[in-house]
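Remember, predicted model here, so these are calculated numbers, not experimental data. All residue numbers refer to positions in the sequence shown, counting from 1.
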Amino acid sequence: MALEWVALGYTAGAEAIMLLFLTLPGLDILRRGLVAVVRSALKPLLAVVPFCLFLLADIYWKYEMRPTCEQEHACSPSEHVRHQKSIMKSQRNALLIAAALLLYWLLFSVTGLLVRINQLNQRIEKLK
């Protein structure tokens, strides 16, 4: 299962880098090419959404199927520590899922805004 989280982490990192390059001031010369590259990458990156939902269902399933300690001394200290580590990993992975989905949405929105701005600038040039 670790490979899935690595892939999601790299995808979120790529989304963050693309978003950073699109929003940095002073890259007006490269922005047109960047917008074209990002627009072509948005459709394959849409696979992040169902992938995140699958991983979220996996976290939920692990949460529901975790062993519980009904009595005070039913779990050994090592089992208790392992359970706490599992909870920490699940929380970290949930944050990664949220970040990947948020970054995809931001990338989609910013790209749409930049395309619209470019279209409006072309209209202004036509009217002049």
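- Side chain of R31 to main chain of L22: a donor-acceptor pair is present (N/O by atom type, distance under 3.5 Å, no hydrogens or angles).
- In the hydrophobic cluster analysis, where Ile, Leu, Val, Met, Phe, Trp and Tyr join through side-chain heavy atoms closer than 4.5 angstrom, L20 is grouped together with L34.
- Taking the side chain to side chain contact (heavy atoms under 4.5 Å, CB included) definition, one finds that F51 meets it with E4, L8, L55, sequence neighbours left out.
- Cluster membership check: L113 does not share its hydrophobic cluster with L24, using side-chain heavy-atom separations under 4.5 Å among Ile, Leu, Val, Met, Phe, Trp and Tyr.
- Of all heavy-atom pairs spanning S90 and I59, the tightest one is O-CD1, 3.8 Å.
- Taking R116 as the reference, Q119, L120 meet the side chain to side chain contact (heavy atoms under 4.5 Å, CB included) condition, with sequence neighbours excluded.
- Criterion: ILVMFWY side-chain heavy atoms under 4.5 Å apart, direct or through other members. Under it, L30 and I117 are not part of a common hydrophobic cluster.
- At least one donor-acceptor pair closer than 3.5 Å links the side chain of Y104 to the backbone N or O of L42.
- The distance from the NZ atom of K85 to the CD1 atom of I87 is 13.5 Å, given to the nearest 0.5 Å.
- If you take CG on L107 and CE on M18, they are separated by 5.0 Å, rounding to the nearest 0.5 Å.
- Rounded to the nearest 0.5 Å, atoms CD (E15) and CZ (F108) are 13.0 Å apart.
- If you take CD on Q91 and OH on Y63, they are separated by 10.0 Å, rounding to the nearest 0.5 Å.
- Panel note: side chain N93, backbone K89; a donor-acceptor pair is recorded below 3.5 Å.
- Clustering ILVMFWY residues whenever any of their side-chain heavy atoms sit less than 4.5 angstrom apart, transitively, puts L96 in the very cluster that holds L46.
- Smallest separation of non-hydrogen atoms from L103 and A12: CD1-O, 3.4 Å.
- Note that SG of C52 is 12.5 Å distant from CG of D58, once rounded to the nearest 0.5 Å.
- Taking CG of L53 as the reference point, atom CG of L101 lies at 7.0 Å (rounded to 0.5 Å).
- Across all non-hydrogen atoms, the minimal contact from F21 to L27 is O-CD1, 3.6 Å.
- Note on V37: it does not cluster hydrophobically with V110, by side-chain heavy-atom contacts below 4.5 Å among ILVMFWY residues.
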